[in-house]
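First the structure, in the form of structure tokens, and then the observations on it.
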Amino acid sequence: MNPEPRPLPPHPLLTQYYADEVQRRERVGSWFNEAAPDYDWINQVLSFGSGAWYRKQALLRAGLGAGMSALDAGSGTGVVAAQAQGIVGSGGRVTALDPSLGMLGQAARRGVRVRVRSVAEALPFVSGRFDFLSMGYALRHVPDLHATFREYRRVLKPGGRLLILEVTPPSSRVAFRLLKLYLGTLVPLMARLGRGGKASRELMEYYWDTIEMCVPPQVILDGLEAAGFSQVGRYVANGIFSEYTAVG
């Protein structure tokens with residue numbers, strides 16, 4: 001029996017925000033709870049207004065269909081889960097999972113019917129429960145990619161499909177600087193104007209830092225394969241939006 005791989009965080013410890021994993025969970029959790037009322041309009045700014053439409057197209061590309069049972073991990077305010085509900089229809093079921101009560105409250109207001117408070121690396125579901133699993137722009141907030149991917153494969157049925165959405169910095173130096181100016185400076189300034197105030201601004205500053213420091217895409221692809229996924233691939237939209245797909 002092969003030993004489990006060593007823990008693999010999605011980015012190094014960002015000591016300007018916290019000193020250890022315990023502080024990371026507390027700080028990030030506090031940010032998300034306080035920023036929850038602002039998060040939807042901030043996301044619209046982050047995605048240049050294409051958020052819901054793009055997420056729906058990504059779900060369809062990854063194979064989500066009518067009648068499926070789906071889990072949206074790190075669901076936040078339920079943008080992906082709501083789109084998934086529309087795709088699976090009345091014959092399917094979508095479960096939104098997130099550790100933040102503030103975010104789940106916003107998901108309820110959006111109309112997401114099934115909501116569970118938990119973390120992605122320790123899913124409270126029996127093995128082989130879901131046909132489809134998605135995660136939208138939250139992979140940078142898990143403590144261990146290996147543990148998270150093992151859990152994802154465990155709760156998927158044989159042949160179940162996985163979709164992970166993430167933002168990947170562009171390889172072009174000019175494009176990278178422009179994206180950093182926008183996401184790292186302008187978006188946090190705009191976020192400061194909302195009800196979340198300082199918490200929203202700090203969360204958006206942190207958001208960019210996790211993007212900039214995130215492990216390269218190949219590490220994510222290798223991690224999915226190490227967890228036992230097959231047909232692992234990556235599609236890039238608009239030069240920065242990565243869609244990682246795999247089959248359990």
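Since we're looking at a predicted model, the values are computed, not measured.
Between Tyr206 and Tyr18, the angle of the ring planes goes over 60°, which puts this pair in the perpendicular group of the 30/60° scheme.
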Could you check Leu165 against Phe241 for side-chain contact (heavy atoms from CB on, under 4.5 Å), going step by step and ending with a plain yes or no?
CA-CA 7 Å; Leu165 303 175; Phe241 298 116; over 6 Å; no
Kindly determine whether Tyr54 and Asn238 satisfy side-chain contact (heavy atoms from CB on, under 4.5 Å), including the steps that lead there.
CA-CA 11 Å; Tyr54 168 71; Asn238 300 324; 5.5 Å; no
Take Met204 and Tyr39 through the side-chain contact (heavy atoms from CB on, under 4.5 Å) test and state the conclusion after the steps.
CA-CA 10 Å; Met204 290 302 102; Tyr39 204 71; 3.9 Å; yes
Evaluation steps, side-chain contact (heavy atoms from CB on, under 4.5 Å), between Arg24 and Glu21
CA-CA 5 Å; Arg24 185 195 71 82; Glu21 174 58 21; 2.8 Å; yes
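At least one side-chain heavy atom of Phe149 sits less than 4.5 Å from a side-chain heavy atom of Ile220. Contact check for Val112 versus Ser75: no side-chain heavy atoms found under the 4.5 Å cut-off. Two residues are said to be in side-chain contact when any heavy atoms from C-beta on lie closer than 4.5 Å; Leu71 and Leu123 meet this criterion. At least one side-chain heavy atom of Tyr17 sits under 4.5 Å from a side-chain heavy atom of Trp31. Considering only heavy atoms from C-beta on, Arg61 comes within 4.5 Å of Tyr235 through its side chain. For the pair Leu163/Phe132, a side-chain contact is recorded, criterion being any heavy-atom separation below 4.5 Å from C-beta on. Between Glu121 and Asp144 there is no side-chain heavy-atom pair separated by less than 4.5 Å. Counting only heavy atoms from C-beta outward, the side chains of Glu202 and Arg27 approach each other to under 4.5 Å.
For Arg110, the CZ atom is densely surrounded, since the number of other residues' heavy atoms within 6.0 Å is greater than 12. In the displayed structure, Lys56 atom NZ is contacted under 6.0 Å by at most 12 heavy atoms of other residues, nucleotides or ligands.
One hydrophobic cluster holds both Tyr152 and Phe130 under the rule that ILVMFWY side chains link at heavy-atom gaps under 4.5 Å. Side-chain heavy atoms closer than 4.5 Å link hydrophobic residues (I, L, V, M, F, W, Y) into clusters, and following such links, possibly through other members, connects Leu59 to Tyr137.
Checking Glu151, Arg153, Arg154 one by one against Ser127, the side chain to side chain contact (heavy atoms under 4.5 Å, CB included) holds for a single residue, Arg154.
Listed by first and then second residue, the ring pair (Phe, Tyr, Trp, His ring centres under 6.0 Å) pairs that reach into residues 153-172 come to none, sequence neighbours excluded.
One distance of note links CG of Leu145 with CG of Leu8; it measures 4.5 Å at 0.5 Å rounding.
Tyr207 carries Arg140 over the face of its six-membered ring, with the cationic atom under 6.0 Å from the centre and within 45° of the normal.
The closest donor-acceptor contact from the side chain of Glu212 to the backbone of Gly184 lies at 3.5 Å or more, if one exists at all.
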